[in-house]
Amino acid sequence: MELRRTHNCGELDSQDISKTVILSGWVDRRRDHGGLIFIDLRDRWGITQIRIEPVSKAYKDAKRLRSEFVVSFKGIVVERPEGMINKKLKTGEIEIVAEEIEILNESLTPPLHISGEVNSSEDLRLKYRYLDLRRPEMQKNFLIRHKLCQIVRQYFSENNFVEVETPFLMKSTPEGARDFLVPSRVWNGRFYALPQSPQTYKQLLMVAGFDRYFQIVKCFRDEDLRADRQPEFTQIDVEMSFIDVHDIIAVVENLMVRIFKNLLDIEIKSPFIKIPYSEAMSKYGSDKPDLRFDLQIFNISDLVVESDFKVFSDTVKSGNVVAGICARNCAGFSRKQIDDLIQWVKDRGAKGLAAIKVKGTDWEGSLNKFFTENIRKNIVRKMDAKDGDLLLFLADTTELVFSILGDLRIYLAKNLKLISENEYKLAWIVDFPLFEYNSEEKRYVARHHPFTSPKLADIDKILTEPEKVQARAYDLVLNGMEIAGGSIRISNTELQQKMFRALGIGDEEANDKFGFLLEALNYGAPPHGGIAFGLDRLVMILAKCISIREVIAFPKTASAMSLMDNAPSVVSQVQLDELGIKLKK
RNA sequence: GGGGUCGUGGUGCAGUUGGUUAGCACAUCGGCCUGUCAAGCCGAAGGUCGCGGGUUCAAGUCCCGUCGGCCCCGCCA
């Protein structure tokens, strides 16, 4: 390399005119006029136009340049002639008149377009990830990610948190997601597990007296993937001692305020609203409601129990519910639009959907006659329906009605374009149930995790009425996505043992799997609690991406493959023998 | 595990009720061209229509299977 760069491709402007500079980068585009050649040279910082004239020493080599060749130019910064300024480029007022060129490397014709918009299928982007990551759009995402990490580290350090690394090779534990297992060579037949989260370690760090811990850390869960889920992902993990719920909330809210200010220049208001879990479910049909639009769910069971519409009255009498949402100004929906909605809810398991167009005090359509004026009035009043609105009702089990209406709310909001791009609605979801019943395993499982403390008033009900016990847990929801979740932990051995018993984990098993934690709690564990953020999801929202893969450098496909290096792959017999593993045929 | 959707030159797409030699744009190669910035003009090369099987006189198109991408359900303390 003979030409050492003096500037990057995004920094020169009219201030630098007549300077001799050296730029290095990739050929973004070439415009060869036969005589004059223009090269758009690209690096991480931007694009600068290079002009190569036929008289230039660089001309002969410049003629060979193609897309993505790596090249350095030495030349003079000149003002562009009148009318030739490119306002789309930060460096568009100037160009470099090339004097010398050094081609550092050539490139095959790239299999995907680097300049301009995404124009390639995702499997190709993943196979040639190093080229995909060369795209400015992708680099922008990773700059946001980097800045977020910087803000997080600075924030927690300022607030006396200590970043401590915890092991990736740990003990496999029951409960929660499926573990990724790592076979042990030294101990044939035994396995490490990759952490689903550093949960137990951070609690032990509290017992150790670190008081305030955080870590930006990889976590691993061997479950099926989604647009917002990868088998390995990054958490911002936090734990604090001698605190209560409101302390964690305050620490997190201040962090969020700083993140939005520094990254998006948006002032968000703290404190964030708190919504009890039960209210979130009944109003929004979700424990992570998107609050950027209204479309609330209303339970009208009590209003229709005596109506002549059998579908509704019978549903309520049999202990199920009738509930609906009011779609503003949608009475104009066509027969087809309504049929599509009906099909949409049926696909999700509903028996049907009652759609009613509000016309003054009357309802358009055949359902009108089943309801007295009084019932209609009450429903309209409860749902705050206006002339021209469309009411959509579901009658079924509580669980089905609210979950489908919750999905329908989002579906309608998207179709009706009720969601504005630059709005950010944060909310805490609180008062979660501690347990939920798992019908497959026929036992109660921890909704959050088995170390979550119950509300003190509910401790007596743990073994007798587990479904009524509330947790000292909290989720942070941003625009309909869970971005953080945490709890106050159990710091007392007896309570922890009681918790395991409630989960159907026998004393022996509890000791075998979590004995180290139970033992630690006996040696002066301080009251403690914490929270963990999904860093990838947060970056995804901040970068306005639809998929988590856009903010992970080398992600897996939906079937958990890495298309670039073809992982997972078969391994040699020697490797298997060392690990004492025999593959099933 | 289940459902939906997609797979056609290097890339992105079109291809009708099955019917001549599978078409377009970009990229590539060659020619012309000194102010372009998605440069332009002329020309050329480039295809096992994901893979396997079937129906048919005839399959990119219909059927079955399979592989892969994406989305969703289950799953994700």
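Within every chain, numbering begins at 1; the chains are lettered A, B, ... in the order of the sequence lines, protein sequences first and strands thereafter. All of these numbers come straight from a predicted model, not from anything done at the bench. Only this structure's heavy atoms are used, side chains among them; waters, hydrogens and symmetry mates stay out.
Considering only side-chain N and O atoms, A:Arg31 lies nowhere under 4.0 angstrom from the phosphate OP1 or OP2 of B:rU36. Put simply, A:Ser559 has a side-chain N or O that comes within less than 4.0 Å of OP1 or OP2 on B:rG69. The phosphate of B:rC76 (OP1 or OP2) has no side-chain N or O of A:Arg537 nearer than 4.0 angstrom. Residue A:Lys88 has a polar side-chain atom (N or O) positioned under 4.0 Å from OP1 or OP2 of B:rA38. Listed pair A:Ser121 / B:rG69 fails the phosphate criterion, with no side-chain N or O lying under 4.0 Å from OP1 or OP2. Distances shorter than 4.0 Å separate none of the side-chain N or O atoms of A:Arg226 from OP1 or OP2 on B:rC71.
B:rG46 and B:rU21 have their C1' atoms separated by 16 Å, with the value rounded to a whole Å. Rounded to whole Å, the C1' atom of B:rC51 lies 23 Å from the corresponding atom of B:rG12. Using atom P as the reference point in both B:rU28 and B:rU66, the two lie 41 Å apart (nearest Å). B:rG18 and B:rU56 have their P atoms separated by 16 Å, with the value rounded to a whole Å. When the C1' atom is used for both B:rG10 and B:rC29, the distance is 13 Å, rounded to whole Å. As rounded to the nearest Å, B:rC42 and B:rC26 have P atoms that lie 11 Å from one another. One P atom belongs to B:rG60, the other to B:rA22, and the distance between them is 10 Å to the nearest Å. The same atom, C1', is picked in B:rG4 and in B:rC41; the two are 47 Å apart, to the nearest Å.
Across all strands shown, the partner of B:rG68 is B:rC6, judged by Watson-Crick or G-U wobble contacts whose two distances both fall under 3.5 Å. In this structure, B:rC24 forms a base pair with B:rG12, meeting either the Watson-Crick or the G-U wobble geometry with both donor-acceptor distances under 3.5 Å. Using N1 to N3 plus N6-O4 or O6-N4 for Watson-Crick, or N1-O2 and O6-N3 for G-U wobble, each under 3.5 Å, B:rC62 pairs with B:rG54.
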Output one line per pair: protein atom, nucleotide atom from nucleotides 27-35 of chain B, and distance, for all N/O pairs under 3.5 Å.
residue : atom : partner : partner atom : Å
B:rC29  : OP1  : A:Arg66 : NE           : 3.2
B:rC29  : OP2  : A:Arg66 : NE           : 3.0
B:rC33  : N1   : A:His33 : O            : 3.3
B:rC33  : O2   : A:His33 : O            : 3.2
B:rC33  : N3   : A:His33 : O            : 3.3
B:rC33  : N3   : A:Gly34 : N            : 3.1
B:rC33  : N4   : A:Gly34 : N            : 3.4
B:rU34  : O4'  : A:Leu36 : N            : 3.3
B:rG35  : O6   : A:Arg51 : NE           : 3.2
B:rG35  : O6   : A:Arg51 : NH1          : 2.3
B:rG35  : N1   : A:Arg51 : NH1          : 3.0
B:rG35  : N1   : A:Glu95 : OE2          : 2.8
B:rG35  : N2   : A:Glu95 : OE1          : 2.9
B:rG35  : N2   : A:Glu95 : OE2          : 3.2

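A:Glu95 pairs in a side chain to side chain contact (heavy atoms under 4.5 Å, CB included) with only one of the listed residues (A:Glu79, A:Gln49, A:Met84), which is A:Gln49.
Between A:Leu476 and A:Glu482, the closest side-chain pair of non-hydrogen atoms is not below 4.5 Å. Residues A:Ser197 and A:Cys219 form a side-chain contact, since some pair of their non-hydrogen atoms from C-beta on lies under 4.5 Å apart. Proximity of A:Asp347 to A:Gln343: side-chain heavy atoms (C-beta onward) are separated by under 4.5 Å at one or more points. The shortest side-chain heavy-atom distance between A:Leu434 and A:Arg447 does not fall under the 4.5 Å cut-off. A:Ile275 is not listed as a side-chain neighbour of A:Trp428, based on a closest heavy-atom distance of 4.5 Å or more. Two residues are said to be in side-chain contact when any heavy atoms from C-beta on lie closer than 4.5 Å; A:Asp32 and A:Lys63 meet this criterion.
Salt bridge A:Glu53/A:Arg51: present, at least one basic N to carboxylate O contact under 4.0 Å.
Taking every heavy atom of both residues into account, A:Ser487 and A:Thr452 meet most closely at OG-OG1, 3.3 Å. Taking both residues in full, the closest heavy atoms of A:Val477 and A:Asp287 are given as CG2-O, 3.9 Å, listed atom of the first, atom of the second, then distance.
By the 30° and 60° cut-offs, the orientation of the rings of A:His449 relative to A:Phe451 is tilted.
A heavy atom lying under 4.0 Å from RNA chain B marks none of the residues of residues 468-479 of chain A. Contacts of residues 195-202 of chain A with RNA chain B (heavy atom under 4.0 Å): A:Ser197, A:Gln199.
Residue A:Lys127 contributes atom NZ, which lies 12 Å from atom C1' of B:rG10 at whole-angstrom precision. Note: CD1 (A:Ile52) to P (B:rC37) measures 16 Å, nearest angstrom. Residue A:Leu563 contributes atom CG, which lies 8 Å from atom C1' of B:rG69 at whole-angstrom precision. Computed from coordinates, the A:Glu436 CD to B:rG74 P distance equals 12 Å when rounded to whole Å. One can place CG of A:Asp224 at 13 Å from P of B:rC70, the figure rounded to the nearest angstrom. Rounded to an integer number of Å, the gap from NZ of A:Lys556 to P of B:rC70 is 13 Å. Atom CG of A:Asn86 and atom P of B:rA39 are 11 Å apart (whole Å). Rounded to whole angstrom, the span from the CZ atom of A:Arg125 across to the C1' atom of B:rU11 amounts to 14 Å.
Aromatic ring centroids of A:Trp26 and A:Phe69 lie 6.0 Å or more apart. Proximity of the aromatic rings of A:Phe220 and A:Phe168 is defined here by a centroid distance below 6.0 angstrom, and this criterion is met.
Of the residues near RNA chain B, A:Pro111 and A:His449, the one whose nearest nucleotide (by heavy atom distance) lies more toward the 5' end is A:Pro111.
Checked by distance alone, A:Asp347 brings no side-chain donor or acceptor within 3.5 Å of a matching partner on the base of B:rG4. One cannot find a donor-acceptor pair under 3.5 Å joining the base of B:rC37 and the side-chain atoms of A:Arg29.
Using a 4.0 Å heavy-atom cutoff across all strands shown, A:Arg549 reaches sugar-phosphate atoms only and no base atom. A:Leu225 comes within 4.0 angstrom of no nucleic acid atom, judged by non-hydrogen atoms across all strands.
Side chains of A:Asn566 and A:Ser569: no donor on one and acceptor on the other come within 3.5 Å.
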